[in-house]
Amino acid sequence: MRGFYVSSPEQRRKYMQVRYNFKEIEPKWQQYWEENRFYIVTEDESKPKYYDLEMFPYPSGNLHMGHVRNYAIGDVVARFKTMNGFNVLHPMGWDAFGLPAENAAIKHGTPPSVWTDANIANMKQQLKSLGISYDWTRELATCKPDYYKFTQWLFLKFYERGLAYKKKAAVNWCPSCATVLANEQVVDGGCERCGTLVEKKSLEQWFFKITDYAERLLQDLERLPGWPDKVKTMQRNWIGRSEGCEFTLAIAGTDDTISVFTTRPDTVFGVTYMVLAPEHPLVEKLTRGTPYQPAVDEFINRMKYLNELARTSSETEKEGVFTGAYAINPVNGEKVPIWIANYVLMEYGTGAIMAVPAHDQRDFEFARKYGIPVRVVIQPDGELLDGDQLSSAYEGDGRMVNSGEFNGLSSEEGKQKVIAWMEARKIGRGTVNYRLRDWLISRQRYWGAPIPIIYCDECGTQPVPYEDLPVLLPLDVEFRPTGESPLNYVDQFVRTACPNCGRPARRETDTMDTFVCSSWYYIRYTSPRAADKPWDKKAADYWLPVDQYIGGVEHAILHLMYSRFFTKVLYDMGLLSCEEPFTNLLTQGMVLKEGSKMSKSRGNTVSPEDIINTYGADTARLFILFASPPERDLEWSDQGVEGCYRFLNRVWRLVGDYADQVRNVEVPATFDNLPVADKELRYKTHSTIKKVSEDVEKRFNFNTAISSIMELVNTLYQYRENAVQNLAVVKEALDNLILLLSPFAPHITEELWRATGHQESVHLQRWPGYDEKALVKEEIEIVVQVNGKVRERAMVPANATGKELESIALSLDRIKEATSGKTVRKVITVPGKLVNIVVQ
RNA sequence: GCGGCAGUGGCGGAAUUGGCAGACGCACCAGACUUAGGAUCUGGCGGGUAAAACCGUGGGGGUUCAAGUCCCUUCUGCCGCACCA
């Protein structure tokens, strides 16, 4: 370790003299805070509440720098709010179900529960060594029966409401994790966790009906001014609302119909063909026994073996085959050919489209490839489009043409009129479609909350009665190398009695997606030991919603949308009083080293434990907050850490040197007739209070808050050079320095606070206010510009008017020089800032 | 392709409402103290010049007395979405 290498005992002794002993003071104060129950809170109606929450971690075994950043940010907020008189709830827990525990079990033979408990113990100790102000009495772990009992309880509530249902569906299957994935967990066609290419598999699975809430999830984003626009935009895109019209077309020569969804009913006269998704149920019926069947079957088979990515990428060339069937366009009675094509998806809309090549780029490309006519039915102003000449589709607005009775209408009017026309004939209606799909929550894994369902041959699917919860996960299970969930082999688990008829029945062996567990943990924290209900409503009503939520932007869609969904459902059930769980959201950036994300595979990780051992928790926290504003990525720098360590030592020496002198000094309420040097120190003290308060409260810009504290320290070092010093002014500066620094570096400030004569903990103090009078300056420096370039600076009375500034500026020697022989055309004055003289 | 964010010294970053570009820190240089320094303190530190002038916030154009900040255009990087009818 640089800085700690010393070669002789004398050197070591001298060395240690100038460095504070964090190894002694950090554990000392951590123990003191814990013994004195500093951070344990209860509901208190006399104070405003503040719920400060950081996303709880998966207990992988070790804290990484991203965690340290997350929790350091949260702790500054918690301590700052506490000092400002809020009753602050700041809890921590463990998102403890999940696949890594099973992988560890297979690899090392350790049961997932044992492995997880050990990891939690280790990480908890690491968190404690950071000195974060958590109320540990509220600790929870989602893998414990007293928690997942209520995850199951909530599942049953959803089931009762028809919001949990089972259906057979083509689902995303990760062959490596041997489980299904939610749509949200498929990234670029691969598994979010391991990257393996996802396959489609048809399985009976449990879903949560999040689509019922699509509109509210979208609308209520408006109610979240405290969220970053970026996250709201991502959620909006994910929900993917589009307004349009669904209508049916008859199939020529049959009694069958095809339903389609379109956002452009105004182009319906431009339909020159139809497309069904290859999986569309009508395809077989239309082609069976026809000369077209072999080609169609061949095409469908080929599509089946293409993975999702290749199939749905916009890069993929459009292709398709004609089915031999025709549909009747209801608006003009035309017969149009029905094709199947790769670019139409069964999952969206009705799985079938009307194709208008003149006004849809995808249809255009397909039509050109297969020689299908392109008919213009929308003409933009000042242009005359010709379907045969077009080089791309015209997707903009215009006037309807070739559209019978609708000719001349604008696209906007046309949409309304065509929908009305279809509604009048009962063949269609205006509808809204969402890209959002229902949330698939089944996982074919062991280490998760069992889905509380029983299958009885007589009674069918039966929910486990509430009084039988929790459905306990057996802890002694055998992992076989089949990749299959070991729950399937545990007879005592699978075999049960039907709650309805009492006959032998089987338990569901799938467990729930861990995102279910993390969708309600912030509620459980409000009454974590409630034994007969998931939470105490009074406690939840007192604390919720979370005032400040802090975590990585990687959860922008999944966790944050699921939690919003849960909150809305629970609100509708009357179990919660708020409709949105997180009032303010801060998405922190990543911690990088050498420009890329820290990861074991890259070998560029920095261990928080090592940093804490070498420099102490205060230094680690300070650096990570100082190096970059929280929402931006942070480049790790060992030298930067060193710099923060140096700064804390500088504070330590400064306060230490003054400690004996100021210990018994009283700071008066007002100061009168101070000399300039003392006034300037007071100005710095109070302007720093103001700056740090605003940076922390309004902007979360901890980096600039810390830099202004550094400036105060620099000013104090300079003041210390003065022969005559006012110890009351010094004490005022030191007290405030320690108070301002305390949320960032809680241990060293506690030690120094006591050293300067205070009996009570620094963390029980009020956040300092600033003295407006100390910020008033009689004289200030202004800048004098000629033609926008700085030519001189001048000290002027702080309250000088524009006119006065002008005459002062024009009387300055350098300005006279710079303007001599030129005509003054204009003088701009900004009181308190500058004068700009425009000359020709 | 669409949407969003960003681009400022050798580096991390600051400039909050259009008003002194580069706060603070790192690195570097010099001095002091010193048996010693990888400790500490003091000073310097965008380019340029003897000193000035002058140039400088990815590039080009514009608005303005004044632009890192506003407008147009363009390049680069990152993130999200991506055949969603």
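In what follows, every chain begins at residue 1, and chains take the letters A, B, ... in the order their sequences are listed.
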In whole Å, what is the span from the [atom1] atom of [X] to the [atom2] atom of [N]?
X        : N     : atom1 : atom2 : value
A:Glu694 : B:U17 : CD    : P     : 12 Å
A:Leu834 : B:G19 : CG    : C1'   : 5 Å
A:Arg793 : B:C20 : CZ    : P     : 10 Å
A:Glu781 : B:G19 : CD    : P     : 18 Å
A:Trp238 : B:C79 : CH2   : P     : 17 Å
A:Lys833 : B:A66 : NZ    : P     : 18 Å
A:Arg814 : B:A51 : CZ    : C1'   : 13 Å
A:His280 : B:A85 : NE2   : P     : 17 Å

Practice prompt. On RNA chain B, check which nucleotide each of A:Gly640 and A:Gln718 is closest to and give me the residue with the more 5' one.
Written response: A:Gly640
Practice prompt. By nearest nucleotide on RNA chain B, pick out whichever of A:Val790 and A:Asn701 is the more 5' one.
Written response: A:Asn701
Measure from the side chain of [X], starting at C-beta and using heavy atoms only, and say which of [options] lies closest.
X        : options             : result
A:Lys789 : B:C54, B:C24, B:C83 : B:C54
A:Ser707 : B:C24, B:G13, B:A82 : B:C24
A:Arg699 : B:A15, B:C65, B:C20 : B:A15
A:Arg632 : B:C65, B:G13, B:G80 : B:G13
A:Lys230 : B:C79, B:G12, B:A82 : B:C79
A:Ile353 : B:A85, B:G12, B:G25 : B:A85
A:Arg791 : B:C41, B:C54, B:C20 : B:C54
A:Ile828 : B:A85, B:U40, B:C65 : B:C65
A:Tyr717 : B:A14, B:U42, B:C24 : B:U42
A:Gln639 : B:C81, B:A27, B:A85 : B:A27

Check whether any side-chain nitrogen or oxygen of [X] sits under 4.0 Å from OP1 or OP2 of [N], and answer yes or no.
X        : N     : result
A:Arg646 : B:A27 : yes
A:Thr350 : B:A85 : no
A:Asn703 : B:A14 : yes
A:Arg720 : B:C41 : no
A:Lys826 : B:C65 : yes
A:Asn714 : B:G25 : yes
A:Arg653 : B:C41 : yes
A:Lys691 : B:A15 : no
A:Arg236 : B:G80 : no

Fill in: Residues A:Arg564 and A:Gln235: side-chain donor-acceptor under 3.5 angstrom
yes
Worksheet entry | Donor-acceptor side-chain pairing of A:Asp638 and A:Trp636 below 3.5 angstrom | yes
For the [atom1] atoms, the ones on [N] and on [M], what distance do you get once it is rounded to whole angstrom?
N     : M     : atom1 : value
B:G18 : B:C65 : C1'   : 12 Å
B:A53 : B:U42 : P     : 30 Å
B:U76 : B:C24 : P     : 36 Å
B:G7  : B:G12 : C1'   : 15 Å
B:G80 : B:G10 : P     : 31 Å

Does [N] have a Watson-Crick or wobble partner in any strand here, with both distances under 3.5 angstrom, and which is it?
N     : result
B:C26 : B:G10
B:U35 : none
B:U69 : none
B:G56 : none

Discussion item. Between A:Gln361 (side chain only) and A:Ala393 (backbone N and O only), is there a donor and an acceptor less than 3.5 Å apart?
Written reply: yes
Practice prompt. Indicate, with a heavy-atom threshold strictly under 4.0 Å, whether A:Ser242 touches base, sugar-phosphate, or nothing.
Written response: sugar-phosphate
Worksheet item: How is A:Ser637 classified with respect to the nucleic acid when contacts are heavy atoms under 4.0 Å: base, sugar-phosphate, or nothing?
Response: nothing
Practice prompt. For the residue pair A:Tyr20 and A:Phe22, categorise the inter-ring angle as parallel (less than 30°), tilted (30 to 60°) or perpendicular (more than 60°).
Written response: perpendicular
Discussion item. Between B:C65 and A:Asn836, counting only base atoms on the nucleotide and side-chain atoms on the residue, is there a donor-acceptor pair under 3.5 Å?
Written reply: yes
Worksheet item: Within 45° of the six-membered ring axis of A:Tyr717 and under 6.0 Å from that ring's centre, is NZ or CZ of A:Arg650 located there?
Response: yes
Worksheet item: Checking A:Arg435 against A:Trp238: charged group under 6.0 Å from the ring centre and within 45 degrees of the axis?
Response: yes
Worksheet item: Around A:Lys369, counting heavy atoms of other residues, nucleotides and ligands shown, do more than 12 lie under 6.0 Å from its NZ?
Response: yes
Worksheet item: If you count the non-hydrogen atoms of other residues, nucleotides and ligands that lie under 6.0 Å from CZ in A:Arg236, is the total more than 12?
Response: yes
